[in-house]
Amino acid sequence: MELIYRITLFIAGVVNLLPAMLAFLPDKISKSYGIDIPNANYELLLRHRATLFGIIGGLMIFSAIVKKYYDIATIAGLISMTSFILLYFLIDKDISSELKKVMVIDIVATVILLIGLALFLITSKNIKQ
């Protein structure tokens with residue numbers, strides 16, 4: 001089951017890594033998120049956000065490949081994805097359909113990662129007994 005967990009960690013890592021490309025493709029940010037970027041300050045913040053996704057996604061993928069740092073990679077990924085999901089529902093304003101897609105993708109990736117983690121923890125517990 002560790003292999004399944006590693007695969008789910010890898011998949012969730014890719015989901016987090018993909019938006020990192022926006023740090024280098026600022027013209028795609030508006031289309032990807034369905035928003036207007038009113039000035040350079042917003043662009044800076046969104047590109048920095050993309051860089052942070054690269055760090056989280058990279059850590060998750062690295063962890064899945066080298067079988068290290070499972071705990072921190074999983075926690076970082078889950079915090080990133082679940083915080084976006086939570087904030088999506090807490091903000092009582094009109095949110096773009098593109099950001100709704102991002103939220104749905106985060107839900108799917110979170111569920112995939114949690115299933116892999118649960119299977120890994122259950123089988124690891126049974127092996128230790």
Side-chain angles (χ1 to χ4, degrees):
M1 288 297 165
E2 182 179 10
L3 178 60
I4 291 172
Y5 173 50
R6 290 173 54 206
I7 291 169
T8 62
L9 187 59
F10 187 88
I11 291 168
V14 169
V15 167
N16 278 276
L17 187 63
L18 288 175
M21 291 186 286
L22 297 175
F24 305 102
L25 302 168
D27 297 339
K28 304 283 184 192
I29 294 172
S30 291
K31 184 178 179 187
S32 296
Y33 295 138
I35 59 171
D36 292 323
I37 302 173
N39 59 47
N41 297 312
Y42 285 90
E43 181 182 331
L44 174 62
L45 290 171
L46 289 169
R47 291 177 76 180
H48 182 259
R49 176 183 186 273
T51 303
L52 294 174
F53 276 124
I55 293 168
I56 292 169
L59 173 64
M60 294 172 79
I61 292 169
F62 174 81
S63 176
I65 293 170
V66 277
K67 298 170 41 170
K68 281 184 145 183
Y69 312 116
Y70 285 158
D71 296 345
I72 191 70
T74 301
I75 290 168
L78 288 173
I79 288 172
S80 173
M81 293 182 294
T82 57
S83 66
F84 185 81
I85 296 163
L86 181 63
L87 289 170
Y88 177 90
F89 288 107
L90 287 176
I91 294 175
D92 190 26
K93 296 178 183 160
D94 189 32
I95 308 248
S96 72
S97 61
E98 290 85 354
L99 285 175
K100 182 177 183 178
K101 289 176 191 172
V102 171
M103 184 270 301
V104 170
I105 290 168
D106 276 358
I107 288 174
V108 171
T110 298
V111 169
I112 288 170
L113 182 56
L114 287 173
I115 289 169
L117 176 62
L119 291 172
F120 175 67
L121 292 175
I122 290 167
T123 57
S124 294
K125 184 178 178 184
N126 288 338
I127 292 171
K128 292 178 185 177
Q129 291 180 351

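Annotation: side chain to side chain contact (heavy atoms under 4.5 Å, CB included) contacts of Leu45 (sequence neighbours excluded): none. Listed by chain and residue number, nothing satisfies the salt bridge (charged side-chain N to carboxylate O under 4.0 Å, His left out) test with Glu98 (two or more places apart in sequence, or in another chain). Taking Ile7 as the reference, Leu3, Ile11 meet the side chain to side chain contact (heavy atoms under 4.5 Å, CB included) condition, with sequence neighbours excluded. The side chain to side chain contact (heavy atoms under 4.5 Å, CB included) search around Ile95 returns Tyr88, Ile91, Leu99, not counting sequence neighbours. For Arg6, there are no side chain to side chain donor-acceptor pair (under 3.5 Å) partners, not counting sequence neighbours.
Between Met81 atom CE and Phe53 atom CZ the span is 10.0 Å, to the nearest 0.5 Å. The distance from atom CD1 of Ile79 to atom CG of Leu86, rounded to the nearest 0.5 Å, is 12.5 Å. Put simply, CG on Leu9 and CG on Leu59 are 8.0 Å apart, with the number rounded to the nearest 0.5 Å.
In this structure, Met60 and Leu17 have side chains that are not in contact, with every pair of non-hydrogen atoms separated by 4.5 Å or more.
Pairs passing the side-chain hydrogen bond (donor to acceptor under 3.5 Å, both in side chains) check and including a residue from residues 53-77, sequence neighbours excluded, read Glu2-Tyr70, Tyr5-Thr74. Note on residues 21-31: no pairs pass salt bridge (Lys or Arg N to Asp or Glu O under 4.0 Å), not counting sequence neighbours.
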Show every donor-acceptor pair shorter than 3.5 Å between a side-chain atom in residues 18-26 and any protein atom, with sequence neighbours excluded, or say none if there are none.
none

Please set out all donor-acceptor pairs under 3.5 angstrom arising from side-chain atoms of residues 102-122, sequence neighbours excluded.
unit_1: Thr110; atom_1: OG1; unit_2: Asp106; atom_2: O; d: 2.7

Going by atom type alone, with no hydrogens or angles, which donor-acceptor pairs under 3.5 Å involve a side-chain atom of residues 35-42 and a protein atom two or more places apart or on another chain?
unit_1: Asn39; atom_1: OD1; unit_2: Asn41; atom_2: N; d: 2.9
unit_1: Asn39; atom_1: OD1; unit_2: Tyr42; atom_2: N; d: 3.2

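Membership of the apolar cluster around Leu52 extends to Ile55, as traced through chained side-chain contacts below 4.5 Å between ILVMFWY residues. Through direct or relayed side-chain contacts under 4.5 Å between Ile, Leu, Val, Met, Phe, Trp and Tyr, Leu87 connects to no other residue.
Closest of all the heavy-atom pairs between Ser80 and Asn16 is OG-OD1, 3.5 Å.
Hydrophobic cluster membership differs between Phe84 and Leu90, with clusters built from Ile, Leu, Val, Met, Phe, Trp and Tyr side chains linked at under 4.5 angstrom.
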